[in-house]
Amino acid sequence: MVSEKGEIKLLIIGGGLAGLSLASYHEQSIVFETRSRPGGFFLYDDLPVSRSRGKDLVSGFLSKAKVVTERMVYRVEENGVWTLGETGTEFHKGMPVLASGFREKTTLELGIYGYRPAGVFTLSSAWDFTNSGFLIGERILVYGFNHFSLSLVSKLSMLAEKIIVIYDEESFIYKPDTLREFGVEAVKGKVLYIEGKSRVEKVKTTVGEFAVDTLILACLTPLNMFTTRFATGNAAMIIEDPLKVVESSNLVAHAILEPGESGRIESNIPVVPQTFKLRHPYVMLGLREGFKAEINGRTITVDEPYPVVEIPAEKVVRIRAG
Amino acid sequence: MRSYDVVIVGSGIIGLMTAYKLAHYNVSVLVLEENPEPGWGVSKGHAAIIHVVQLPFSSVKSKMAREGNKRMFEIAERLGVRYVKTSTLVVATKLHHLLAMPLIALYLKINLGKDYPVKLRSRAYLRREEPALTKKALGAIEVYGYGCIDNFDLMYRLYEFAKDNGVEFKFSTRASRVSIQDDFVEIVTDKGENYKARFLVNAAGLWADEIYNMLGDEVSFELGKGVLLVFDRSVTRRFISPLYLKPDPKTKGGAIMFTVDGKGLWGPNLRPARDKSDLSVDEEDIKALMEKFSPLLDVDPGIPIKAYAGIRPIPPENDFRIVYSTKSKRVVHAVGTESPAFTASPVIAEKILEMLKASGLTLSEKENILLRKPFTKSRYAPEKARGRVVCMCNLVTEEEIREAVRRGAKTLQGVMLRTGAGMGLCQGSKCIAEVAKIVAEELGVGVENVTFKGENSWLVRRAK
């Protein structure tokens, strides 16, 4: 791979906040976005995190990035990508970087059984319907507590009759009390079983049954449709804070574009990027405030969610949850 | 009262195959279907596998499946439906199974003949050919002639063909009363319509017992539920099944299989269903499949995307009952058409036509047959495709979604089954709202009027 900064062409798969911001760090980038409008989830996100709104960040980066919309990357190779669009297929030479965001864990991954009626939505499809002016249900159970589900809840709370959030894992950036501020019932537990043949009628959980007509799956994990050397944003690890998404792209840009030798991360917690340049030994850890991490034997305590930490400029850096 | 030469009750694979065959002749045919679209009953729950071995070999179903196997590939070829041919490795992991293998292989060879080669495979062969297979595999019997097929494309193609060539379909319509008159059969539907049929074909699948019993014969089904588990990828190139010395005749024991688009498919299991609408998937189903098939692999099978259940209508003799009504030869029943009825369906349909002919139906061939262009899917040949991709996981374009509606899909589920949209790893996360919008546009209704799978399965309301 060419190490001169100007000669690498980045082929960024996904035009959400992570992809757009990554493109802004390097002029020689093309962002491929399947949808007609770039911006991804954050395009419609007006719930601020540390006073920053996802949608404002998106519009800031939109003007700086070269984006090809309605063109999808369907195959990734070492030295380029194949895309498909209205005019057919094209091969683009360059370095593929995954910025395809998150997906929702499947019912089977979550251990949810039962029937498959209408009214079971993933967070993203519920988001899309809501932002196009549709109401996805009257009585809604949301499974998963994070910035993304909270942002959806903030839009739904005015429209739906009842919303309950059930969560197994806590948000990295919000306390459960935040949900109550939105007038939403919040319980800790797991969803177990879906009842209903035409439309959802009842959802069984570890903390009882809920008579709802809608279940939203909002337990998230990176969407990795392809294997690439570099991934950024939510395609690399779940990052609830839009500013941190941008920061992850900054780190990935350094890891790709800085000249010199690379180091590699071995870790049992999410880390972005997975390889770094010895000249720029910084990574983001998928940890919340107050947690500990051990980096090559040295223990640190994390003082903010998704901390960016300096790591030893060594060939292999081992990171463990503390 | 409208009258037809033939009324077929049910548009599962048997009803559709019969309609497809009859569409080649100058006869008037009506198909009545309770669901809003074809193929949503028993046919929705199967594995889309073209079978070879069905025990016991002497059964009607076993013979019909072996004959149907070849016909199925021919029909798929004619209609431009994608299929993949493969073999099945019946794997021995225990020493006494390995010792029994040659005898079992000989038994299979004798019964399958030269159409379906049977070979003994060594441990080295398995290591080389199927690296994902457990190192505990000592050997295997390889049976050729298997396949998987794009079953919903097949069913919708059969439907299209029948419709284009004059067969009438009435969906969301149940045949609630059927009676044999002097020289016709009378059918009353739940919508209050009356039809007169010179001949009646009962292909009602799970509900075939009701019509059978209504007309004076007697059958009661055991309802056997089977669950299939779908993974985001397939880790094997062949179907893999564990070797049993005493196979359960009601199921072939299930296998590690794959779909035409390369997803892993495990199952099915077999256990009693609570009732005919019990399509639930329970924890014990998934556990049973994992316990049975995980030990056959040494690699991670991938991400489980979803599981679905089907119900087998099993008659007491555990075999197909393709018979005339004892009250009248104007009625042909296809009862007990569970696995491998999908594979056998071309032969079952031929038998039904023969029986109708023997009862006096004149079958003169039509001069002109209409054969529409196949339904092209970008994901099968992306390099030749063009269009705006809507479903990223399965590479479905906007045009494919529109075409599915133009060709008769009326619901979101119908479009998903036909095109594969929303059926990939992200479970429609990124595309379902867009798919619903396109379907609504094509149907000429608001998105709030698009249902998931018909009445009461509303999707969204218009926000106030």
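The sequence lines fix the lettering, A, B, ..., with proteins before strands; numbering per chain opens at 1.
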| query | Side chain, backbone, both or neither: which part of B:A309 has an atom under 4.5 Å from a heavy atom of chain A? | reply | neither

| said: I'd like to verify something: which residue of A:M158, A:R71, A:E195, A:M225 has the highest number of heavy-atom pairs under 4.5 Å with chain B? | reply: A:M225

| Over all atoms of both residues, closest heavy-atom pair of A:F121 and B:L459 | CZ-O, 3.3 Å

| query | Considering all heavy atoms of both residues, which atom of B:A433 and which atom of A:S125 are nearest to each other, and what is their separation? | reply | CB-O, 4.3 Å

| Heavy-atom pair of closest approach, residues A:R199 and B:N456 | CB-O, 3.6 Å

| field | Side chain / backbone / both / neither for B:K453 at chain A, heavy atoms under 4.5 Å | value | side chain

| query | Does any non-hydrogen side-chain atom of A:S36 lie less than 4.5 Å from one of B:R388? | reply | yes

| If you count heavy-atom pairs under 4.5 Å between each of B:G428, B:G454, B:A463 and chain A, which one has the most? | B:A463

| task | Measure the CG-OG distance between A:L220 and B:S429 for me, rounded to the nearest 0.5 Å. | result | 9.0 Å

| query | Can you find a heavy atom in the side chain of B:I305 that is under 4.5 Å from one in the side chain of A:L108? | reply | no

| query | What residue in A:G119, A:P117, A:S100 has the most heavy-atom pairs under 4.5 Å with chain B? | reply | A:P117

| Closest contact, heavy atoms only, A:G137 versus B:W458 | CA-CH2, 3.8 Å

| said: Using only atom types and a distance under 3.5 Å, with no angle test, would you say the side chain of A:T106 pairs donor to acceptor with the backbone of B:P304? | reply: yes

| said: Checking side-chain polar atoms at under 3.5 Å, does B:Q427 have a donor or acceptor matched by the opposite partner on A:T122? | reply: no

| message | So A:Y115 and B:V281, do their side chains get closer than 4.5 Å, heavy atoms only? | response | no

| task | Measure A:I112 against the heavy atoms of chain B and call it side chain, backbone, both or neither at under 4.5 Å. | result | neither

| query | If you measure only the distance, is there a donor-acceptor pair under 3.5 Å linking the side chains of B:S457 and A:S198? | reply | no

| query | Heavy-atom distance under 4.5 Å to chain A: side chain of B:E455, backbone, both or neither? | reply | backbone

| About how many Å separate CZ of B:R462 and CZ of A:F134, when rounded to the nearest 0.5 Å? | 4.5 Å

| query | Between B:L425 and A:L223, does a side-chain contact (heavy atoms from CB on, under 4.5 Å) hold up when you go through it step by step? | reply | CA-CA 9 Å; B:L425 173 61; A:L223 172 61; 4.2 Å; yes

| query | When you look at CZ of B:R406, are more than 12 heavy atoms from neighbouring residues, nucleotides or ligands closer to it than 6.0 Å? | reply | yes

| query | What's the shortest heavy-atom distance between B:A307 and A:R116, and which atoms? | reply | O-CD, 3.8 Å

| message | Quick check on A:I136 against chain B: is it the side chain, the backbone, both or neither that has a heavy atom closer than 4.5 Å? | response | both

| task | Show your working on side-chain contact (heavy atoms from CB on, under 4.5 Å) between B:K430 and A:T34 and close with a plain yes or no. | result | CA-CA 10 Å; B:K430 313 285 179 203; A:T34 308; over 6 Å; no

| message | So B:V389 and A:Y74, do their side chains get closer than 4.5 Å, heavy atoms only? | response | no

| task | Show the numbers, then the answer: is there a side-chain contact (heavy atoms from CB on, under 4.5 Å) between A:Y193 and B:S280? | result | CA-CA 10 Å; A:Y193 203 88; B:S280 65; 3.3 Å; yes

| message | We want to know whether B:K437 and A:S132 form a side-chain donor-acceptor pair, criterion being a heavy-atom distance below 3.5 angstrom. | response | no

| request: For atom CD of A:E77, decide whether the heavy atoms of other residues, nucleotides or ligands shown that lie under 6.0 angstrom number more than 12. | output: yes

| task | Could you tell me whether B:K287 atom NZ has more than 12 heavy atoms of other residues or ligands within 6.0 Å of it? | result | no

| message | Using a 4.5 Å heavy-atom cutoff, which residues in residues 138-148 of chain A come close to chain B? | response | A:E138

| note | Okay, B:L395 and chain A: the region with an atom under 4.5 Å from a heavy atom over there is side chain

| So which of A:L217, A:D213, A:I194, A:T214 has the largest heavy-atom pair count under 4.5 angstrom toward chain B? | A:D213

| query | Counting heavy atoms not belonging to B:K276, are there more than 12 under 6.0 Å from its NZ? | reply | yes

| Spatial distance of atom CZ (A:R35) from atom SG (B:C431) [nearest 0.5 Å] | 8.5 Å

| query | Is there a donor in the side chain of B:D285 and an acceptor in the side chain of A:Y113, or the other way round, less than 3.5 Å apart? | reply | no

| remark: residues 83-91 of chain A vs chain B, non-hydrogen distance cutoff under 4.5 Å, contacting residues -> A:L84, A:G85, A:E86, A:T87, A:G88, A:T89

| task | Evaluate the side-chain proximity of A:V73 to B:M392: yes if any heavy-atom separation is below 4.5 Å, no if none is. | result | no

| task | Evaluate the side-chain hydrogen bond (donor to acceptor under 3.5 Å, both in side chains) criterion for residues A:K197 and B:S277: first the C-alpha distance (whole Å), next the side-chain angles of each, then the deciding distance (0.1 Å), finally the verdict. | result | CA-CA 8 Å; A:K197 282 168 192 171; B:S277 67; 2.8 Å; yes

| field | Residue among B:D232, B:V447, B:D282 with most heavy-atom pairs under 4.5 Å to chain A | value | B:D282

| task | Would you mind reporting whether A:R103 and B:I303 have side-chain heavy atoms less than 4.5 Å apart? | result | yes

| said: Quick one, A:R75 with B:E383, criterion side-chain contact (heavy atoms from CB on, under 4.5 Å). Give me CA distance, side-chain angles, the key distance, then yes/no. | reply: CA-CA 10 Å; A:R75 191 184 304 153; B:E383 63 284 353; 4.3 Å; yes

